[in-house]
Amino acid sequence: MPLVHLYSRPSSYRKEAPQPPLMPRLRLLRLSVTDLCNFRCRYCMPLEGVPKPLHRCVLSFECLTSLVAFLSIQAGINRIRITGGEPLVRPGVEHLIAELSSLPAIQEVSLTTNGSLLSKMAWKLAAAGLSRVNVSLDSLDKERFKEVTRGGDLDRTLAGIKAAQTAGLTPIKLNAVLHRSTWRQEVPRLLDYAADAGFEIRFIELMRTGTERAWCESEFVSVDEVCAGLGVEIVPVKEQNQSPARRTLLNWHGILVNVGWITPRSHPFCKNCERLRMDARGQLRRCLMDPKTFDLPRVLATMNGLAVRQEFQSYIADKFPPQAMDSAFAMNQIGG
C-alpha cells in the first residue's frame with residue numbers, strides 16, 4: 001500500500017473556521033545535554049566538529065533538573081528524551097537521569113544515542129532509571145557506516161544495542177536517515193536486522209540543516225518513493241500516538257516489522273506536535289526549525305512568579321508550524 005494513502009484526508013473533511021490561539025499541549029521535552037559528539041554525521045555535525053562550550057555556559061545537572069521541574073508544572077511535560085550531540089559523552093549523565101526520574105510528574109526518561117558507548121554504560125543507565133533507548137543506525141555495512149559517521153565503528157554500535165537489550169532498555173527503536181544514493185541497499189538490510197531482532201525501526205527524511213543544506217537537498221528522498229520502491233505490503237497501525245513517526249506494519253519476507261516513517265518534508269506532522277526542546281544552556285525552542293529561543297534561566301533569575309508564567313506562556317503560544325524544514329543551525333546544536 002503506498003504510504004501516501006496513510007496521509008490522505010477523509011472524504012468528510014471540511015475546513016473549520018479559525019480558532020483563537022491556545023496554549024499548545026506539550027508532553028515531551030527533548031533535552032540536549034551537550035553539543036559534543038564522537039561521530040561527525042554529515043547531516044548533523046560539521047566535519048571539524050564544534051567548539052567545546054565554555055564550562056560556565058553549560059548548566060549543571062542540578063540546574064537542568066530544576067528547569068525540567070518548572071516545565072513539568074507550567075507546560076505539562078511528563079516525558080523526557082535526553083539527546084546531544086551524543087549525550088553519553090557528557091560525564092555522569094546517569095546522575096541526571098536519576099534526578100529527572102525522581103520528579104513527580106515525569107513518567108518516562110528515554111535517551112537517543114549513536115550506541116557507541118552503550119556497551120559500557122547500559123546497565124548503569126538502567127539502574128539510574130532510564131526507560132529505553134533510540135539508537136541511530138544508518139547502515140549495516142562497515143565501510144558505509146564509517147563513511148556516514150565520519151569515523152564511527154559499526155561493531156561498537158551493534159554491541160551497544162545488544163547491551164541495551166540485555167539491560168532491559170526496551171523497546172529499542174532504531175533511527176535511520178534516508179539517503180537517495182544508498183537507500184536501495186541500506187533499507188532492505190536494516191529491515192532484515194530489525195525483523196531478526198524484533199526491533200522497531202523508523203526511517204527519517206533528510207532535512208536541510210547547518211552548513212550542508214545543498215548536500216541534504218541532493219540526497220533527499222521521500223518516504224513515498226521508498227515505500228513504492230520496496231514493493232511490499234504496508235499496513236497502517238490503527239491506533240496512532242502523537243509521535244512524529246507514522247506507525248505501520250510491514251510484511252518483510254513473512255515477518256511483520258514495526259516500521260515508523262518520519263516525514264517532515266513530504267507529509268509535515270507539525271500540527272500534532274507535543275514537543276519542546278531545551279539545550280544544555282537552558283535555551284528553549286518550540287521547534288527544531290525555530291530560530292527564536294527562550295532564555296529560561298535568565299527569565300527565572302530576573303522575574304517574579306507571575307511575570308515568569310506570562311513570559312513563558314506568551315512564548316509557547318507562538319508555537320506554530322515552520323514555513324519550511326530548513327535551518328541554519330547544525331542538528332547537534334538543537335538536539336537532533
Side-chain angles (χ1 to χ4, degrees), residues 24-37 41 44 59 61 64-65 67-72 75-90 93-103 105-115 117-118 121-122 125-126 128-137 160-161 164 167-177 199-202 204 207 241-245 247 260 262 264 269-270 272-290 296 316 319 329 331-336:
R25 180 177 180 178
L26 300 172
R27 291 291 180 265
L28 173 65
L29 175 70
R30 289 185 67 100
L31 175 59
S32 173
V33 296
T34 180
D35 295 353
L36 304 178
C37 186
C41 299
C44 183
L59 299 182
F61 292 149
L64 289 174
T65 302
L67 298 182
V68 171
F70 170 86
L71 294 172
S72 71
I77 293 294
N78 57 23
R79 293 183 293 130
I80 309 297
R81 174 79 50 77
I82 296 177
T83 70
E86 167 51 48
L88 298 186
V89 303
R90 181 163 177 182
V93 70
E94 67 274 12
H95 301 303
L96 174 64
I97 291 168
E99 291 179 19
L100 295 175
S101 299
S102 69
L103 293 176
I106 301 305
Q107 300 173 5
E108 178 187 83
V109 180
S110 61
L111 180 141
T112 293
T113 174
N114 63 35
L117 302 175
L118 264 179
M121 299 183 66
L125 298 172
L130 189 69
S131 298
R132 58 185 182 83
V133 293
N134 290 8
V135 182
S136 298
L137 185 67
I161 293 172
L169 296 175
T170 57
I172 292 172
K173 296 180 181 180
L174 307 176
N175 293 335
V177 177
F199 296 145
E200 179 178 337
I201 186 165
R202 290 106 63 82
I204 307 168
M207 291 177 281
N241 54 31
Q242 294 299 316
S243 166
R247 297 172 59 237
I262 301 181
F269 41 77
C270 300
N272 296 322
C273 181
E274 294 185 332
R275 297 180 171 202
L276 194 62
R277 296 170 182 272
M278 186 166 72
D279 66 21
R281 302 160 187 79
Q283 304 299 302
L284 292 176
R285 273 194 179 85
R286 296 163 293 202
C287 171
L288 186 65
M289 301 298 164
D290 191 351
L296 185 56
I316 297 300
K319 179 176 168 63
F329 294 100
M331 194 74 76
N332 71 288
Q333 296 177 283
I334 41 182

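The first residue of the sequence shown is numbered 1, and numbering continues consecutively from there. All values below were derived from every heavy atom in this structure, side-chain atoms included, with hydrogens, water molecules and symmetry-related copies excluded.
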Distance-minimising heavy-atom pair for [X] and [Y]:
X    : Y    : result
F70  : L296 : CE2-CD1, 3.7 Å
A164 : L118 : CB-CD1, 4.1 Å
C37  : N114 : SG-ND2, 3.7 Å

Taking R132 first and then E108, would you say they form a salt bridge - that is, a charged N and a carboxylate O separated by under 4.0 Å? yes

Salt bridge or not between D279 and R30? Use side-chain N to carboxylate O under 4.0 Å. no

When you check the side-chain N and O atoms of E86 and T113, is any donor under 3.5 Å from an acceptor? yes

Are any side-chain N or O atoms of [X] and backbone N or O atoms of [Y], one a donor and one an acceptor, separated by less than 3.5 Å?
X    : Y    : result
R90  : V33  : yes
R285 : D290 : yes
S72  : A69  : yes
K319 : C273 : no
K173 : E200 : no

Gap between atom CG of L284 and atom CZ of R277 - 0.5 Å precision: 12.0 Å

Interatomic distance, L169 atom CG to S110 atom OG [nearest 0.5 angstrom]: 10.5 Å

Give the intermediate values and the outcome of side chain to side chain contact (heavy atoms under 4.5 Å, CB included) for residues N175 and L137. CA-CA 6 Å; N175 293 335; L137 185 67; over 6 Å; no

Going by the side chain to side chain contact (heavy atoms under 4.5 Å, CB included) test, name the single residue among L64, L276, L67 that passes it with L31. L64

